[in-house]
Amino acid sequence: QVQLVESGGGLVQAGGSLRLSCTASGIIFSMGWYRQAPGKQRELVAGISSGGSINYADSVKGRFTISRDNAKNTVYLQMNSLKPEDTAVYYCYADQWKTFWGQGTQVTVSS
């Protein structure tokens, strides 16, 4: 059983930055972040494989950067130039024999 511990959410003004982190226990493959805004479906924000392949949602390209420390089993999401539409609960995920989820961390961007 993989456990994920997230940190780094909060309230920030538009144009500001936040950094999310997520540490996983156990051996994992891909990691990354989804988000879910009120009344909307959960969507992929960014993912990174154990080999370093990365993908981003079009809406965050050029503003968000995902990185990973394999030695620490930790994934980071640096979020810059935040917009009110980035407001959501952000969920870390990790792929092993199945997908495991973090508890979610709230990111709120005020206009």
Summary of salt bridge (charged side-chain N to carboxylate O under 4.0 Å, His left out) pairs that have at least one residue in residues 4-30, sequence neighbours excluded
none
Going by side-chain hydrogen bond (donor to acceptor under 3.5 Å, both in side chains), name the residues that satisfy it together with K61, two or more places apart in sequence or in a different chain.
D58
Rounded distance [0.5 Å steps], SG in C22 versus CG in N73
9.5 Å
Contact summary for V2 and A24, nearest pair of heavy atoms:
CG1-CB, 4.1 Å
I54 reachable from I28 in the ILVMFWY side-chain graph, under 4.5 Å edges:
yes
Can you name the one residue among N55, L20, V60 that meets side chain to side chain contact (heavy atoms under 4.5 Å, CB included) with V45?
V60
Between V107 and M79, is any pair of side-chain heavy atoms under 4.5 Å apart?
yes
If you take all heavy atoms of R63 and D86, which pair is closest and at what distance?
NH1-OD2, 2.7 Å
To the nearest 0.5 Å, tell me how far L18 CG sits from T105 OG1.
9.0 Å
Count the heavy atoms of every other residue, nucleotide or ligand shown that sit under 6.0 Å from CD of Q36, and state whether that count exceeds 12.
yes
Are V109 and W33 connected into the same hydrophobic cluster when the rule is that any two of I, L, V, M, F, W, Y join if their side-chain heavy atoms are below 4.5 Å apart?
yes
Is there any ring pair (Phe, Tyr, Trp, His ring centres under 6.0 Å) pair reaching into residues 47-79, and which pairs are they, with sequence neighbours excluded?
none
List the residues meeting side-chain hydrogen bond (donor to acceptor under 3.5 Å, both in side chains) with S21, not counting sequence neighbours, and say none if there are none.
S7
Could you tell me which non-hydrogen atom of A14 sits nearest to which non-hydrogen atom of P84, and how far apart they are?
CB-CD, 4.1 Å
Residues 91-101 side chain polar contacts: donor-acceptor under 3.5 Å, at least two apart:
residue: D95; atom: OD1; partner: T99; partner atom: OG1; Å: 2.6
residue: Q96; atom: NE2; partner: I27; partner atom: O; Å: 2.8

Heavy-atom pair of closest approach, residues L77 and A46:
CD1-CB, 4.2 Å
Applying side-chain hydrogen bond (donor to acceptor under 3.5 Å, both in side chains), name anything that partners T23, two or more places apart in sequence or on another chain.
T74
Output all residues satisfying side-chain hydrogen bond (donor to acceptor under 3.5 Å, both in side chains) with Q106, sequence neighbours left out; order by chain, then residue number.
T108
Taking only residues two or more places apart in sequence or in another chain, which ones pass side-chain contact (heavy atoms from CB on, under 4.5 Å) with E43?
R35
Can you measure from OG (S49) to CE (M31) and round to the nearest 0.5 angstrom?
12.0 Å
Under the side-chain contact (heavy atoms from CB on, under 4.5 Å) rule, collect the residues that match up with S50, sequence neighbours excluded.
R68
